[in-house]
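Atoms considered below: every heavy atom in the structure, side chains included; atoms not considered: hydrogens, waters and symmetry mates. Because the structure is a prediction, the values reported are computed rather than measured.
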There are 2 protein chains.
Amino acid sequence: MNIKKFSEITEISPYTIRYYEKIGLLRGVSRNASGHRWFTEKDIIWVEFIKRLKDTGMPLENILKYADLRGEGASTSELRMKILEDHAVMLEDKIAEDMYHLKKLKEKIKHYSETIELELNT
Amino acid sequence: MNIKKFSEITEISPYTIRYYEKIGLLRGVSRNASGHRWFTEKDIIWVEFIKRLKDTGMPLENILKYADLRGEGASTSELRMKILEDHAVMLEDKIAEDMYHLKKLKEKIKHYSETIELELNT
DNA sequence: ACTTGACTTAGAGTTTACTCTAAGTTGTAG
DNA sequence: CTACAACTTAGAGTAAACTCTAAGTCAAGT
């Protein structure tokens, strides 16, 4: 598929897609006869994975490091697994922290509603 | 307390504290005889709340809007509560999304460990 | 043959949230 | 009285992640 279709499916702008290729996050993207990028199913799977890492707070620089290892082949499997394991631990901590933040926010909201309640009864 | 002490307690750099005051996030900070900022317990409580909103993904621009309403007094209580309620809903969604991401990451890690296991048995 | 629209590139510009610099003032210790 | 550290300000600089511009190529439709 062309970049427009790929952009629609992945919900990433063509600008960003080219940018990802430029910095080495996307590599080996094939081209058609006229030199335009031609994306495949494999590219979708890979960018969806990039999105997962990015959405869970991994900076592009680190994702790029993962992409580098991936490019080096099977010999880096363990290293890549280690990166994902560390990231998963980080994410677990982040979720726990967010749950605590949520609890505190709800307490504050409750406090607001009680205060407003009081004012209405004045 | 002076800015250095305040910085240590809140774990925000003096640069950032001054920046927050400059953009209007921190207001009404008192000064001592020599014109230096003098922070109180109330300032700590307020920046800790700013940190909570920020850490849960609220952009400074939105936190600033909340600070503006706060500055307008009790008449904006309901509006501020609404902002927090919306943010709490957003955070709940984010936590759910992160949990899904975590599940997917763990599946990939499992896949890695199985692949590596297989290679060792070759 | 020519216009149209989607693509290409290198590189410039934008946004958010800081982070630092330069020049100047003030309080305390020797 | 002077050195020194900590503060002050306005404004410049930085990093990350895009986002856009300008100039050019190319294939399809009229």
Rounded to the nearest angstrom, tell me the gap between atom [atom1] in [X] and atom [atom2] in [N].
X      : N       : atom1 : atom2 : result
I17(A) : dC7(C)  : CD1   : C1'   : 13 Å
F39(A) : dA6(C)  : CZ    : C1'   : 14 Å
H36(A) : dT8(C)  : NE2   : P     : 6 Å
I12(B) : dT19(C) : CD1   : P     : 11 Å
M1(A)  : dA6(C)  : CE    : P     : 18 Å
E21(B) : dA17(C) : CD    : P     : 18 Å
I63(B) : dA17(C) : CD1   : P     : 8 Å
I3(A)  : dA6(C)  : CD1   : P     : 13 Å

Check: [Y] and [X] side chains under 4.5 Å, non-hydrogen atoms:
X      : Y      : value
V29(B) : T40(B) : no
M90(A) : H87(A) : yes
W38(B) : I3(B)  : no

Just to be sure I understand the rule, does [X] reach a base, reach only the sugar-phosphate, or reach nothing, if contact means heavy atoms closer than 4.0 Å?
X      : result
P59(A) : sugar-phosphate
K5(A)  : nothing
K22(A) : base
K4(B)  : sugar-phosphate

Measure across Y66(B) and K108(A) and return the closest heavy-atom pair with its distance rounded to 0.1 Å.
OH-CE, 3.7 Å

Please give me the minimum heavy-atom distance between T56(B) and L91(B), naming the atom from each residue.
CG2-CD2, 3.7 Å

Residue-phosphate contact under 4.0 Å: R37(A) side-chain N/O, dT8(C) OP1/OP2:
yes

Indicate whether OP1 or OP2 belonging to dA6(C) is found under 4.0 Å from a side-chain N or O atom of N2(A).
no

Quick one: how far along DNA chain D does chain B reach, first to last nucleotide 5' to 3', anything under 4.0 Å to a heavy atom?
dC7(D) to dG11(D)

Could you state the interatomic distance from CG (D43(B)) to CD (E41(B)), rounded to the nearest 0.5 Å?
9.5 Å

Ranking S34(A) and T16(A) by the position along DNA chain D of their nearest nucleotide, the one closer to 5' is T16(A)

Assert: residue with more 5' nearest nucleotide on DNA chain C, out of L60(B) and R18(A), is R18(A)

Is it true that R80(B) and Y112(A) share a donor-acceptor pair across their side chains at a distance under 3.5 Å?
yes

